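Keep in mind that the numbers below use all heavy atoms, side chains included, and drop hydrogens, waters and symmetry copies. What you see is a predicted model, and the numbers here were worked out from it, not measured in a lab.
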Amino acid sequence: MVKMLIKGFSGLIEWIATTMIEFVLSIFQYLGLLGRVVLEMPVVDAGIVFTQVLALSLLSVKVAYEGFMTFLLRQSGEVNGDPSNLVVGTARAAGIIAVMPWLVRYLFEFGVTLQSDVVSMDVIGNVTNVNSSTFSVLTQALAEAGNLILFYGIGVIVSLCFLLIIMVQSFIRAADLIVQAWTGSFSALGLTNSQSQTWNRWFWDTLGIGLTAALQLALIKLSFYCLAPINVSIGGSIMPLPPIVSLFLFIAVLWVAYRSPITLKEKLHVTGTGKVGGAVAQMSVQSFVMRSMKR
């Protein structure tokens with residue numbers, strides 16, 4: 001009788017776990033699209049247009065000041081008194097400010113495309129077709145709980161906390177995308193000065209918003225894959241990992257997912273990807289402006 005109750009309870013827990021896993025994965029897929037929702041809000045569009053107009057006004061003042069200083073340097077015979085750099089920088093800044101609404105959406109949609117690729121990866125199968133037996137580790141853990149029930153309980157609580165924090169991070173990224181959309185035009189003002197890194201920092205910060213969502217989604221899928229039975233070779237024989245090892249491996253991957261925004265930002269900064277991307281954007285706008293002038 002007791003065995004039947006334990007078996008029934010384990011089956012109930014397994015069904016709840018499978019349903020929750022499907023629900024969590026689907027939730028994170030939709031959360032990754034929050035940026036698209038906020039960018040379509042009328043107040044955000046109005047804010048982008050307002051900052052564009054304001055940035056263009058500041059650009060005219062900035063160019064007038066720097067043009068006057070360049071004139072003084074040229075009169076004194078300084079090497080830095082070449083006005084061509086100011087002309088090219090001004091064209092870049094004006095071009096980026098003009099295409100800011102399209103640029104923000106393009107950078108975010110690049111991340112959305114990566115998220116779609118992550119969802120289509122055949123790791124644990126389609127989200128809607130998850131096999132409940134895949135997560136038999138959960139029922140094994142219940143059966144072996146005994147003296148380890150405290151560790152399993154702590155593991156489950158920590159896992160839920162990490163998932164909740166990662167979910168909150170998705171909302172924070174959506175709000176951060178609004179700020180990036182509103183401040184992008186002001187960041188482009190730094191393009192009049194070749195020594196300024198303001199535009200480069202804005203570029204890889206904005207790009208990182210979409211990339212972080214894709215990376216976290218991939219890590220969450222990986223974490224659930226860790227709950228499946230994992231066989232390892234020890235001394236020439238194949239043995240399954242104990243359920244508690246799989247559980248804490250699941251927690252470890254969630255920890256990495258929680259840390260991934262900071263890690264990705266550091267990687268983009270160290271590898272210079274944002275700087276290269278910013279330079280590419282600058283050259284694209286410059287080429288567009290030069291072609292327009294020739295016409």
Taking all non-hydrogen atoms of both residues into account, name the closest pair between [X] and [Y] and its distance.
X: V38; Y: A174; value: CG2-O, 3.7 Å
X: L264; Y: G208; value: CD2-O, 4.0 Å
X: L191; Y: I96; value: CD1-CG1, 3.7 Å
X: A213; Y: Q115; value: CB-NE2, 3.5 Å
X: A257; Y: I166; value: CB-CD1, 3.6 Å
X: S223; Y: F250; value: O-CD1, 2.9 Å

Taking atom [atom1] of [X] and atom [atom2] of [Y], what is their separation to the nearest 0.5 Å?
X: S185; Y: I97; atom1: OG; atom2: CD1; value: 5.5 Å
X: F162; Y: R259; atom1: CZ; atom2: CZ; value: 10.5 Å
X: T192; Y: R92; atom1: OG1; atom2: CZ; value: 11.0 Å
X: T113; Y: E109; atom1: OG1; atom2: CD; value: 6.5 Å

Open item on the list: Can you confirm whether Y258 is buried at OH, in the sense that more than 12 heavy atoms of other residues, nucleotides or ligands lie under 6.0 Å from that atom?
Closed with: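 No.
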
In this structure, would [X] and [Y] fall into the same cluster of hydrophobic residues linked by side-chain contacts under 4.5 Å?
X: L177; Y: W102; result: yes
X: F171; Y: L163; result: yes
X: Y106; Y: M100; result: yes

Open item on the list: Checking L215 against L211 for the side chain to side chain contact (heavy atoms under 4.5 Å, CB included) test, could you report, in this order, the C-alpha distance in whole Å, the side-chain angles of both residues, the deciding distance, and whether it holds?
Closed with: CA-CA 6 Å; L215 178 59; L211 295 180; over 6 Å; no

Open item on the list: Check R36 with E40, please: is the shortest side-chain N to carboxylate O separation under 4.0 Å?
Closed with: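 No.
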
- [ ] Would you mind checking if D176 and K265 are paired as a salt bridge, meaning a charged N to carboxylate O distance below 4.0 Å?
- [x]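 No.
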
Hey, does [Y] have a side-chain heavy atom less than 4.5 Å from the side chain of [X]?
X: L107; Y: F110; result: no
X: I48; Y: V104; result: no
X: T198; Y: F186; result: no
X: V44; Y: W182; result: yes
X: Q216; Y: T212; result: yes
X: L207; Y: F108; result: no
X: T183; Y: T51; result: no
X: V63; Y: L59; result: yes

TODO: Check for a donor-acceptor pair, side chain of R173 on one end and backbone N or O of G35 on the other, with a separation under 3.5 Å.
DONE: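 No.
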
Task: F203 and W199 aromatic ring geometry - parallel, tilted or perpendicular at 30°/60° bounds - done: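 It falls in the tilted class, 30° to 60°.
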
Task: Residues Q180 and T206: side-chain donor-acceptor under 3.5 angstrom - done: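 On atom types as modelled, these side chains qualify, holding a pair under 3.5 Å.
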
